[in-house]
There are 2 protein chains.
Amino acid sequence: MRTEAEPIPRMRAEDRRELVLEAATGVFGEFGYFGATTDQIAKAAGVSQPYVVRMFGTKEQLFLDVLQRALDRLLETFRGVLAQGAGEDLGLRMGTAYVELLTDRGLLLSLMHGFAMGSDPVIGAVTRDGFLQVYKFLREEAGFTPEQVRMFIANGMLVNTLVGLRMSDEYDTNPLAKECLCVALPEKLELVLALRESQR
Amino acid sequence: MRTEAEPIPRMRAEDRRELVLEAATGVFGEFGYFGATTDQIAKAAGVSQPYVVRMFGTKEQLFLDVLQRALDRLLETFRGVLAQGAGEDLGLRMGTAYVELLTDRGLLLSLMHGFAMGSDPVIGAVTRDGFLQVYKFLREEAGFTPEQVRMFIANGMLVNTLVGLRMSDEYDTNPLAKECLCVALPEKLELVLALRESQR
DNA sequence: CGAATAGGTAATTGAATGATTACTAAGGTC
DNA sequence: GACCTTAGTAATCATTCAATTACCTATTCG
């Protein structure tokens, strides 16, 4: 009920931009590129819809920036894990780090929505390239064999799917859902379950 | 240029319905639920847009019917493989059968788009249930261990992702894409490559 | 045959939504 | 303290799209 002149918060464009990117990541992650509206994103970021559009030019460019940011965070995270040593358990540690990225709401789901848009001439090209960047990292920097990469990414896609499906909503009510989550998220299960609270 | 009275093809509603479902599967698979329009689907099926809407009531119901049809085919396919014997190589045979479903254009991709819509109250509930039906089949009918199911489904989701990304478009131009496809699709690689021709 | 039924379409509408335009106010700087 | 740049909004436009309405015309069947 905004009673008195709360000093309307003005930010430097750079900070506001990051704020909008975060909000957009969440909304795109939940509804996908076509399902999300610039107005939803604007409201989530606490700014007006025209401002969102003007900051990024088009909705498509905003989505591309969201994807780029997500990819950057993903690789940055993996590089961080790698920097802590490349032992036997590197795959496990990176897997755990991957699941931890779920706390950055919508980040992995936005990527997943991007992956499903391969036939879009612009977004498809960018997401293909992004996927291959990750593949290249795992092969050349992390030193995985093709087979190790396959298993690692496959499990990542399974995690994405279960999160996208909100399978955790059924954790308490459906034993199969519980088993499914337990086997797919060896550790960090509690993290996924915790996310249930924060959504909706 | 329709010169003379080609006898305008009239079908029994049942056949037409299946035709529209096929077309819708392709369009939803390519563009997703929000990205696809009923007009695109109508054109792909060779009927008018209002007729598509009237046949299914709403776009949402059409998508639900597409998902149900896809799930039915998937389980039917798996049951067919299982009926041919449950040896050591059951997982491999079912994996091959799964990839062969890619010839049913958009079927697996429509499911994947559905999986990304877990937060939709209607579609989410249906896709969660569908996913769990498959999980249940693999555990209880196919006799997989939880770990076997995890690996099987994870690989399926990887296949979906690579197809959704149209990674095969880069097969000839990017060695990493080639390696990636080769390792993820042990057999039936030629099938995925053949699909490149038929699209666009 | 004649009429009912089934398989459709053309025209239109109303709402949603991305984008544009025109404006306003804050705050640093000289 | 005028000034100009930066951060933002309100109003509105143009399109797209799902849905509705009002028809039309083959085919079936008594």
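Below, read A as the first sequence line, B as the second, and so on, with proteins coming before strands; counting in each chain starts at 1.
Comparing A:Ser48 and B:Thr58, the nucleotide of DNA chain D nearest to each residue sits closer to the 5' end for A:Ser48.
The distance between atom CZ of A:Phe56 and atom P of C:dA19, rounded to the nearest whole Å, is 13 Å. Separating the NZ atom of A:Lys59 from the P atom of D:dA14 is a distance of 21 Å, rounded to the nearest angstrom. For the pair B:Leu19 CG and C:dG8 P, the computed distance is 10 Å after rounding to whole Å. Per the geometry, CG belonging to A:Asp39 stands 17 Å off P belonging to D:dT12, to the nearest Å. Put simply, CZ on B:Arg10 is 6 Å from C1' on D:dT25, counting in whole angstrom units. Rounded to a whole Å, the CD1 atom of A:Ile41 is 11 Å from the P atom of C:dA19. Nucleotide D:dT25 holds its C1' atom 18 Å from the CE atom of B:Met11, rounded to whole Å. At whole-Å resolution of the value, CE in B:Met55 and P in C:dT9 are 9 Å apart.
Of all nucleotides listed (C:dA19, D:dT21, D:dG8), D:dG8 comes nearest to the side chain of A:Arg16. The side chain of B:Pro50 has D:dT20 as its nearest neighbour among D:dT20, C:dG7, C:dT9. Counting only heavy atoms from C-beta on, B:Gln49 has its side chain closest to D:dA18 among C:dA6, D:dT9, D:dA18.
Judged by atom type and distance alone, A:Arg54 does not reach the base of C:dA19 through any side-chain donor-acceptor pair under 3.5 Å.
Taking 4.0 angstrom as the limit, B:Tyr51 places none of its side-chain polar atoms (N or O) nearer than this to OP1 or OP2 of C:dT9. For the OP1/OP2 pair of D:dA18 and a distance below 4.0 Å, the side-chain nitrogens and oxygens of B:Thr38 include at least one atom meeting the criterion.
Note on A:Leu19 and A:Met55: separate hydrophobic clusters, where clusters join Ile, Leu, Val, Met, Phe, Trp and Tyr whose side-chain heavy atoms are under 4.5 Å apart, directly or indirectly. Tracing side-chain contacts under 4.5 Å through hydrophobic residues (I, L, V, M, F, W, Y), one reaches B:Leu108 starting from B:Leu181; they form part of the same cluster.
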Go through the steps to decide whether A:Phe152 and A:Phe78 satisfy the test ring-ring contact (aromatic ring centres under 6.0 Å, His included), and finish with yes or no.
CA-CA 12 Å; A:Phe152 182 81; A:Phe78 284 168; 5.7 Å; yes

ring-ring contact (aromatic ring centres under 6.0 Å, His included), that's the test. Do B:Phe28 and B:Phe34 meet it? Break it down for me.
CA-CA 8 Å; B:Phe28 280 134; B:Phe34 292 111; over 10 Å; no

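Salt bridge absent: A:Arg69 and A:Asp65 never bring a charged side-chain N and a carboxylate O closer than 4.0 Å.
Residue-level contact check: B:Ala42 touches neither bases nor backbone, having no heavy atom under 4.0 Å from any strand.
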